[in-house]
Protein chains: 2
Amino acid sequence: MKDVASAAGVALKTVSRVVNGEPGVHPATAERVREAIDRLGYSRNESARVLRAGRTSTVGLVIEDLADPFYSVLGRAVEDVVIGAGCLLLSASSSEDPARERELVRTFCARRVDGLIMVPAGHDHSYLRQELEAGTPAVFADRPPGPGLDVDTVLCDNAGGAVLVTRHLLAHGHRRIAFLGDDPSIFTAARRLHGYRSAMGHLYDERLVAMRTPTPGSVRADLERMLSLDRPPTALFTGNGRLTVTALRALEGRPLALAGFDDFELADLLTPGVTVVAQDPAGMGRIAAELLFRRLSGEDDPPRHVTLPVRLIPRGSGELPP
Amino acid sequence: MKDVASAAGVALKTVSRVVNGEPGVHPATAERVREAIDRLGYSRNESARVLRAGRTSTVGLVIEDLADPFYSVLGRAVEDVVIGAGCLLLSASSSEDPARERELVRTFCARRVDGLIMVPAGHDHSYLRQELEAGTPAVFADRPPGPGLDVDTVLCDNAGGAVLVTRHLLAHGHRRIAFLGDDPSIFTAARRLHGYRSAMGHLYDERLVAMRTPTPGSVRADLERMLSLDRPPTALFTGNGRLTVTALRALEGRPLALAGFDDFELADLLTPGVTVVAQDPAGMGRIAAELLFRRLSGEDDPPRHVTLPVRLIPRGSGELPP
DNA sequence: GGTGAGGCGGACAACGTTGTCACCCGGGTT
DNA sequence: AACCCGGGTGACAACGTTGTCCGCCTCACC
């Protein structure tokens with residue numbers, strides 16, 4: 001900027017005024033400055049601007065895995081809102097590791113992001129309190145913050161969706177309905193199990209439940225175990241998109257009614273089509289980002305808790321008879 | 001930092017030394033400073049550090065769409081390398097819009113990212129020359145830069161993959177093979193068409209080719225037109241993952257041999273399984289990021305051009321007889 | 001011709017950090 | 001006693017920008 005100023009034969013501040021479109025500059029002077037800017041290929045150094053202004057116009061996004069379709073769609077929705085607000089998005093994957101999550105948040109805060117959007121991996125977010133008090137708002141998406149911390153949160157109706165699926169299978173005559181879920185320490189997994197269990201009522205049988213971090217091997221083993229019971233399940237409820245797909249592979253076409261949490265591409269093209277209860281990851285991302293920007297524009301209401309509805313999409317696999 | 005200094009009763013510079021682990025600070029003093037840091041919850045302001053140092057330890061990623069499985073996997077691989085190098089990743093989607101791409105690059109450069117990784121949307125990247133000369137290296141992935149610009153580039157073997165698919169279909173007895181591709185102004189689409197055409201040789205028939213930005217409607221229309229020809233195609237080659245899926249929906253189970261460019265999740269679970277030629281998006285992202293960091297560590301060789309191999313995965317749909 | 005207003009331009013400080021250099025002080029050497 | 005040495009510490013400038021404030025010039029009006 002100094003160079004531009006001397007090239008145009010004006011003072012530093014005048015260049016700054018032109019760059020920022022401030023009034024009080026003679027059109028001819030402004031033109032001369034712009035010409036010098038073009039000639040020298042000058043572009044404002046945002047770091048310095050940030051240092052002065054105190055705001056970075058940057059939002060940090062911590063998700064579980066950028067490559068997961070659910071989270072990448074969520075991330076894209078966040079990005080659209082963030083870019084629309086004239087900010088940029090720093091994104092990083094926690095890989096479901098609380099330590100990495102914390103480290104990423106620390107890094108983001110050292111960079112003075114204006115706000116954070118998080119899909120938390122851990123259950124202890126007390127380390128965030130300091131940042132929040134320092135004025136960096138955070139919004140949680142998909143999963144709530146750990147105990148003792150209350151901030152804006154966007155969740156889907158996990159329990160309600162699980163009830164919906166379970167009742168749907170019950171309505172089609174199933175009584176032995178297995179549930180395959182993720183590690184119950186994950187909030188969504190626990191809520192979905194809860195919904196399943198309450199909808200099953202006295203039909204609940206813990207031998208038909210498997211909850212752990214899924215791998216192709218573990219899913220296969222769990223299914224084998226259940227299917228070789230005296231009274232094997234006639235239907236299967238899978239607790240998230242990845243599990244549904246893994247289970248489909250493990251079943252290898254064995255006829256078992258199936259319904260899953262989370263929609264996924266091509267669910268409609270399989271035979272039979274896979275019945276799911278669908279979330280709206282894009283909506284979740286968008287709303288989380290909007291909540292964040294509301295805070296950034298000074299809103300000071302108590303934390304909001306948004307629960308997004310889910311939608312049952314029957315496609316055939318969940319309507320198979322027992 | 002000023003507050004920490006006065007709280008610990010030392011000079012600013014001493015705190016800076018402690019924070020940066022520089023030698024020459026008395027252990028007792030350092031301890032006092034660290035105690036003050038913890039007490040005040042201080043964390044270094046990276047913006048100021050950046051302003052001083054000139055490097056932001058930030059990499060900008062411009063891709064077509066963060067929500068697209070291909071690009072989100074690529075993005076995740078980039079992220080892993082970037083984080084591993086102690087940097088952060090700014091990501092943004094161009095939505096296949098050259099103007100937006102340019103604007104994003106401009107914004108990233110104003111923020112003084114250390115380097116750029118791009119999946120370009122446009123064909124004119126002369127605007128990058130200035131940034132390159134200013135010392136911001138760029139690496140292109142999936143598609144090369146426009147004419148007149150030569151930088152590190154990672155592509156897959158588009159033409160070779162298309163030849164592979166076409167020959168595979170020919171080997172299974174097909175002579176009338178249709179090609180459904182994206183807008184030929186997109187590099188990958190053009191290269192794949194080229195591969196298809198050269199493999200078809202004298203069997204090439206332009207009535208069996210449709211190249212345009214795909215929508216469900218356009219794909220349906222193109223297929224209808226081809227299938228109602230006097231001598232309709234007996235096989236279909238779809239030019240990218242999205243097109244393959246769209247075509248599968250449009251075909252609604254009509255028996256037509258099908259093979260596509262790009263692998264996609266569940267391709268193996270459809271009936272029949274979908275034969276594809278698979279790229280390695282994660283490898284592409286990783287290599288692009290590694291090339292970038294090689295530049296950042298001072299390498300000054302001529303631009304490298306990496307072509308990644310592709311792999312044919314027969315799953316059934318491409319082995320159907322005419 | 002003097003005067004006040006307003007348009008325009010510039011000098012300077014400050015944002016928070018780090019590199020440079022100088023200082024202080026105790027202990028060992030000449 | 002004069003000197004040097006070096007570990008520990010601090011003052012200061014600089015990075016590039018913008019907010020504040022001041023001053024100049026012009027023009028209209030008395």
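Every chain is numbered from 1 and lettered A, B, ... according to where its sequence line falls, protein lines coming before strand lines.
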Expressed in angstrom and rounded to an integer, what is the separation of [X] atom [atom1] from [N] atom [atom2]?
{"X": "A:L51", "N": "D:dC15", "atom1": "CG", "atom2": "P", "value": "14 Å"}
{"X": "A:N20", "N": "D:dT18", "atom1": "CG", "atom2": "C1'", "value": "8 Å"}
{"X": "B:K2", "N": "C:dA14", "atom1": "NZ", "atom2": "P", "value": "9 Å"}
{"X": "A:D3", "N": "D:dC15", "atom1": "CG", "atom2": "C1'", "value": "13 Å"}
{"X": "A:L12", "N": "D:dG16", "atom1": "CG", "atom2": "C1'", "value": "8 Å"}
{"X": "A:H26", "N": "C:dC8", "atom1": "NE2", "atom2": "P", "value": "7 Å"}
{"X": "A:K13", "N": "D:dC24", "atom1": "NZ", "atom2": "P", "value": "20 Å"}
{"X": "B:R112", "N": "D:dC15", "atom1": "CZ", "atom2": "P", "value": "14 Å"}

Within the 4.0 Å heavy-atom criterion, would you say [X] contacts the bases, only the backbone, or no part of the nucleic acid?
{"X": "A:S47", "answer": "nothing"}
{"X": "B:V50", "answer": "nothing"}
{"X": "A:R52", "answer": "base"}

Report yes if at least one side-chain N or O of [X] is closer than 4.0 Å to OP1 or OP2 of [N]; otherwise report no.
{"X": "B:N45", "N": "C:dC15", "value": "no"}
{"X": "B:R44", "N": "C:dT18", "value": "yes"}
{"X": "B:T14", "N": "D:dG10", "value": "yes"}
{"X": "A:S16", "N": "D:dT17", "value": "no"}

query: Charged N to carboxylate O under 4.0 angstrom, B:E79 versus A:R100?
result: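 Here B:E79 pairs with A:R100 in a salt bridge, since their nearest N and O are under 4.0 Å apart.
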
query: Do A:S95 and A:D97 have side-chain N/O donor and acceptor atoms under 3.5 Å apart?
result: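 There is no such pair between these side chains.
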
message: Regarding B:D124 and B:S126, do their side chains bring together a donor and an acceptor under 3.5 Å, going by distance alone?
response: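 Yes, side-chain donor-acceptor contact under 3.5 Å.
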
- prompt: Just wondering, more than 12 heavy atoms not from A:R102 lying within 6.0 Å of its CZ?
  reply: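 12 or below, so no.
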
Side chain of B:V10 (C-beta onward), nearest among D:dC15, D:dG10, C:dC8: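 For the B:V10 side chain, the nearest candidate turns out to be D:dG10.
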
query: Any donor-acceptor pair under 3.5 Å joining the side chain of B:R17 to the base of D:dG10?
result: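 When only heavy-atom distances are counted, B:R17 does reach the base of D:dG10 through a donor-acceptor pair under 3.5 Å.
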
- prompt: Which comes earlier along DNA chain D counting from the 5' end, the contact point of A:V19 or that of B:P23, where each point is its nearest nucleotide?
  reply: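 Per heavy-atom nearest nucleotide, the more 5' residue is B:P23.
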
query: What do the steps show when you test A:D68 against A:R242 for side chain to side chain contact (heavy atoms under 4.5 Å, CB included), and what is the final call?
result: CA-CA 9 Å; A:D68 182 289; A:R242 194 146 299 277; 3.6 Å; yes

